[in-house]
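Letters go in sequence order (proteins before strands), and every chain restarts at 1. Here the structure is a predicted model, which is why all the values come from computation and not from measurement.
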Protein chains: 2
Amino acid sequence: MEEETDAKQEKAEELLEQAERAVINSIADTMDLYGVTPSIGRLYATMYFKHSPMTLDDMKDDLGMSKPSMSTAVRKLQDINIVKKVWKKGSRKDLFLAEKNFFQYFSQFFGDKWEREAKLNLSAIHYAKENLKQILEDEEAEEELKQRAEQDLRQLEEYRSYCHWLERLAHSIESGEIFEFLPIEKSHPNDNDHK
Amino acid sequence: MEEETDAKQEKAEELLEQAERAVINSIADTMDLYGVTPSIGRLYATMYFKHSPMTLDDMKDDLGMSKPSMSTAVRKLQDINIVKKVWKKGSRKDLFLAEKNFFQYFSQFFGDKWEREAKLNLSAIHYAKENLKQILEDEEAEEELKQRAEQDLRQLEEYRSYCHWLERLAHSIESGEIFEFLPIEKSHPNDNDHK
DNA sequence: AAAAACGTTAAAAAATAATTTAATAAAATA
DNA sequence: TATTTTATTAAATTATTTTTTAACGTTTTT
């Protein structure tokens with residue numbers, strides 16, 4: 001019966017590997033949304049299933065890429081705060097562990113992006129509005145020009161209210177306030193996914 | 001006094017141009033967030049200030065690029081629904097107009113992206129969970145393997161709840177429900193931007 | 001103190017993506 | 001119907017990004 005157990009063993013391993021691979025692929029495929037290249041996305045996805053920290057050599061072996069690539073990739077992942085360097089007595093290699101809380105990642109990524117977008121645009125809008133107002137105040141300016149200035153002004157006003165809204169959304173996500181409106185629903189382990 | 005008025009005229013034109021250019025630059029710079037290349041972003045930003053529709057030749061002249069480039073760029077902008085083809089009696093050239101409502105653009109872009117992300121990942125998670133459960137049900141599977149399967153399962157449960165949350169966020173943005181929580185504040189034309 | 005192990009930077013190579021020119025297809029005018 | 005205008009596709013070019021190999025500087029071990 002020895003061989004049969006071995007076969008079963010192998011099948012179980014195969015199942016686990018397939019399971020992890022499926023999720024790794026889908027994480028890697030969707031991570032481009034978060035400003036990360038496919039390889040870096042795949043590295044993160046790989047680390048996501050490691051329950052103990054990885055070294056650069058581990059990564060290189062797992063992904064079949066060069067060590068410098070892993071070095072820069074893991075730095076990028078640290079920059080966006082989804083991988084942390086950990087310390088462990090003994091090993092003199094650097095050790096890295098994936099942050100597995102997607103909410104944290106999501107919040108920070110979009111919070112930063114949107115805030116930056118809003119700030120940049122608001123400052124340009126402010127500058128533009130000053131100019132346009134000057135035109136409107138100028139008695140001698142051509143009527144056609146004035147009309148265009150007015151229309152631009154109206155448009156920028158709308159744009160400004162969008163930027164402010166974006167800022168508020170970013171803050172509510174960063175502060176966690178959004179979860180009052182859209183609470184996180186802990187689904188129970190036995191729930192089935194429904195189509 | 002003729003020359004003086006001309007000079008003033010020119011200055012007013014200069015002011016308007018500077019105003020538009022400032023905003024065009026900042027829109028172009030931030031549009032990479034919306035999955036668009038810098039050139040395409042700049043094209044949109046340019047169209048944003050046109051109060052009548054543009055032809056491909058107009059775009060080509062404005063941006064100093066080739067016509068095929070404009071053709072593909074404008075198609076991309078139509079794909080993401082921020083530029084519409086309009087019809088006008090007379091002209092046999094195609095005419096395009098920018099959608100200026102950023103809320104609509106934002107909603108659709110992130111709604112689509114997040115929904116796609118959630119769906120893809122949820123389906124991988126579902127598949128993975130089935131596999132992992134099989135391992136746990138297998139009497140003869142190695143203890144170590146089972147533990148790993150259990151840990152993966154716990155982790156995927158968290159991931160799943162994140163994906164569901166993302167789906168709900170996408171829906172609440174697409175449906176406009178989010179604006180009940182974060183209302184759009186129409187700022188008054190005379191408000192000053194505050195730092 | 002010399003050798004080995006690590007991680008990083010720099011330069012080169014390979015792979016992708018953007019852009020243009022040239023060719024084609026479709027529609028409109030004469 | 002032939003010619004011109006317009007938009008698109010295909011092929012070629014250019015530019016950008018990603019990845020690797022090679023070199024470097026530090027730290028650790030022997």
Where L95(B) and K88(B) come nearest, the two heavy atoms and their spacing: CD1-CB, 3.4 Å

Expressed in angstrom and rounded to an integer, what is the separation of K60(A) atom NZ from dC6(C) atom C1'? 12 Å

Between dT4(D) (C1') and K93(B) (NZ): distance, integer Å: 13 Å

Is the shortest side-chain heavy-atom distance between S39(A) and M65(A) below 4.5 Å? yes

Nearest-Å distance, CG (D94(A)) to P (dT28(D))? 11 Å

Starting at CZ of R42(B) and ending at P of dT19(C), how long is that distance when rounded to a whole Å? 12 Å

Are the aromatic ring centres of W165(A) and F102(B) under 6.0 angstrom apart? no

Using atom CG of D57(B) as one end and atom C1' of dT6(D) as the other, report the distance to the nearest whole Å. 8 Å

Would you mind classifying the nucleic acid contact of T37(B) as base, sugar-phosphate or nothing, using non-hydrogen atoms under 4.0 angstrom? sugar-phosphate

What is the distance, to the nearest angstrom, from the CG atom on L56(B) to the P atom on dT8(D)? 6 Å

Can you work out whether G90(A) or T72(A) has the more 5'-proximal nearest nucleotide on DNA chain D? T72(A)

Quick check: on DNA chain D, is the nucleotide nearest R92(A) upstream (toward 5') of the one nearest K67(A), or the reverse? Name the residue that is more 5'. K67(A)

Measure from the side-chain heavy atoms of P68(A) and tell me the nearest of dT8(D), dT20(C), dT8(C). dT8(C)

Using the rule salt bridge (charged side-chain N to carboxylate O under 4.0 Å, His left out), only one of K85(A), K67(A), R75(A) pairs with D94(A); which is it? K85(A)

Rounded to whole Å, the CE-C1' distance (M65(B) to dA15(D)) equals 12 Å

Which nucleotide wins on minimum distance to the side chain of S39(A), given the candidates dG7(C), dA5(C), dT19(D)? dT19(D)

Rounding to a whole Å, what distance do you find between Q78(A):CD and dG7(C):P? 12 Å

Under 4.0 Å between a side-chain N/O of S69(B) and OP1 or OP2 of dT19(C), yes or no? no

Residue from F103(A), F179(A), Y105(A) passing ring-ring contact (aromatic ring centres under 6.0 Å, His included) with Y162(B): F103(A)

